[in-house]
Amino acid sequence: MPTVEESVYIARPPQEVFNFLSRGENIPVWDSSAVHAETVGTEPVAVGTRVKGASKVVGRKFDWTTEVIEFQPPTRLVSRSVEGKLEFTITHVLEPEGDGTRLNFRIDAASGLGGVFGKLADRFVEQAQARTVRANLETLAELLTEHPELGSSDA
């Protein structure tokens, strides 16, 4: 199972980072590959909450639906795909670090991120996705640091 793992320091408390990450509508705000995303059903977010969206990976658009399978505020949020061509699990682990948060992000793709492009594309697509994940996490850290209101429970 191919995996992309990255980590970033965010100068905000874990609860504020968790609040922002747990809202499906916020995914396209910091994830450049996400075309759109929306929470299905009602709040509050919990195990079983679904998010529908679409992402562009190496120029190809994929629709997906994820379901929250672990929800432990403010330390752990895990979602897995339940609909769509790509099978994946995304894990967010948040740890206090100084006055902020260390976010450890991991995506596990069942057939390889390039599987839908053909086996030979796996390595290329995984490397491209790793660069995208790194850039997205840096965007997230900058966004939450410059706009702390985004981590409030009302945002």
Side-chain angles (χ1 to χ4, degrees), residues 1-10 12 14-41 44-97 100-144 150-151:
M1 179 180 288
T3 299
V4 174
E5 288 184 279
E6 288 289 342
S7 176
V8 68
Y9 173 80
I10 302 173
R12 303 298 313 147
Q15 186 64 58
E16 292 180 12
V17 176
F18 189 91
N19 290 347
F20 186 79
L21 289 173
S22 65
R23 297 183 53 85
E25 293 73 13
N26 289 337
I27 296 170
V29 174
W30 64 275
D31 183 338
S32 65
S33 65
V35 177
H36 71 86
E38 63 182 312
T39 302
V40 178
V45 176
V47 170
T49 297
R50 288 188 174 202
V51 175
K52 282 185 164 263
S55 295
K56 262 193 171 177
V57 177
V58 193
R60 289 188 59 185
K61 184 180 171 198
F62 298 96
D63 293 321
W64 47 261
T65 300
T66 60
E67 181 174 279
V68 174
I69 58 172
E70 291 183 48
F71 188 79
Q72 301 167 9
T75 60
R76 190 169 173 85
L77 175 64
V78 181
S79 298
R80 73 165 183 250
S81 62
V82 292
E83 293 177 15
K85 290 182 181 179
L86 296 176
E87 291 182 34
F88 59 91
T89 300
I90 296 176
T91 303
H92 302 86
V93 176
L94 297 85
E95 303 169 337
E97 184 175 302
T101 302
R102 171 65 49 188
L103 170 61
N104 299 298
F105 178 93
R106 176 180 170 130
I107 182 167
D108 295 289
S111 63
L113 294 171
V116 294
F117 296 92
K119 203 69 172 153
L120 294 175
D122 276 354
R123 184 180 163 120
F124 166 75
V125 174
E126 288 169 29
Q127 289 174 345
Q129 188 63 17
R131 285 190 301 273
T132 300
V133 166
R134 176 85 234 144
N136 288 343
L137 291 180
E138 290 171 2
T139 297
L140 176 65
E142 184 177 307
L143 183 69
L144 289 179
L150 292 176

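Since the structure is predicted, the reported quantities are computational estimates derived from the model, not experimental observations. Quick note: residue numbers are just sequence positions, from 1.
Of the residues Val17, Asn104, Val78, Leu103, the one that meets the side chain to side chain contact (heavy atoms under 4.5 Å, CB included) test with His92 is Leu103. The only option from Arg23, Gln15, Glu16 that meets the side-chain hydrogen bond (donor to acceptor under 3.5 Å, both in side chains) definition with Asn19 turns out to be Gln15.
With rounding to the nearest 0.5 Å, the separation of CD in Glu95 from CZ in Arg76 is 10.5 Å. The CZ atom of Phe88 lies 6.0 Å from the CD1 atom of Ile107; values are rounded to the nearest 0.5 Å. Atom CG in Asp31 sits 14.0 Å away from atom NZ in Lys56 (nearest 0.5 Å). Expressed to the nearest 0.5 Å, how far CH2 of Trp30 lies from CD of Glu142 amounts to 14.5 Å. One distance of note links CD of Glu6 with CG of Asn136; it measures 10.5 Å at 0.5 Å rounding.
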Exercise for review: Please lay out, stage by stage, how Asp63 and Lys85 fare under the test side chain to side chain contact (heavy atoms under 4.5 Å, CB included).
Suggested key: CA-CA 8 Å; Asp63 293 321; Lys85 290 182 181 179; over 6 Å; no
Exercise for review: Using the side chain to side chain contact (heavy atoms under 4.5 Å, CB included) rule, take Leu143 and Val29 through it: C-alpha gap first, then chi angles, then the decisive distance, then the call.
Suggested key: CA-CA 9 Å; Leu143 183 69; Val29 174; 3.3 Å; yes
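In this structure, Lys52 does not pair ionically with Glu38, as no charged nitrogen and carboxylate oxygen lie closer than 4.0 Å.
For the pair Leu140/Phe105, no side-chain contact is recorded, criterion being any heavy-atom separation below 4.5 Å from C-beta on. Put simply, the side chain of Thr132 reaches to within 4.5 Å of the side chain of Ser32, judged on heavy atoms.
When all heavy atoms are compared, the tightest approach of Thr49 to Thr39 is CG2-CG2, 3.7 Å. Leu77 and Leu21 make their closest contact through CD2-O, 3.8 Å (heavy atoms, listed as atom of the first residue, atom of the second, distance). The two residues Ala141 and Tyr9 make their nearest non-hydrogen contact at CB-O, 3.5 Å. When all heavy atoms of Arg50 and Glu83 are compared, the closest pair comes out as NH1-OE2, 3.7 Å. Between Ala37 and Trp64, the closest heavy-atom pair is CB-CH2, 4.0 Å. The shortest heavy-atom contact between Arg134 and Val8 is NH2-CG2, 3.9 Å.
Distance alone, capped at 3.5 Å, is enough to place a donor-acceptor pair between the Thr101 side chain and the Arg12 backbone. Judged by distance alone, with hydrogens and angles left aside, the side-chain atoms of Ser79 form no donor-acceptor pair with the main-chain N or O of Ile90 at under 3.5 Å.
If you check the side chains of Asp108 and Thr89, you find no donor sitting under 3.5 Å from an acceptor. Arg102 and Ser7 form a side-chain donor-acceptor contact under 3.5 Å, judged by distance and modelled atom types alone.
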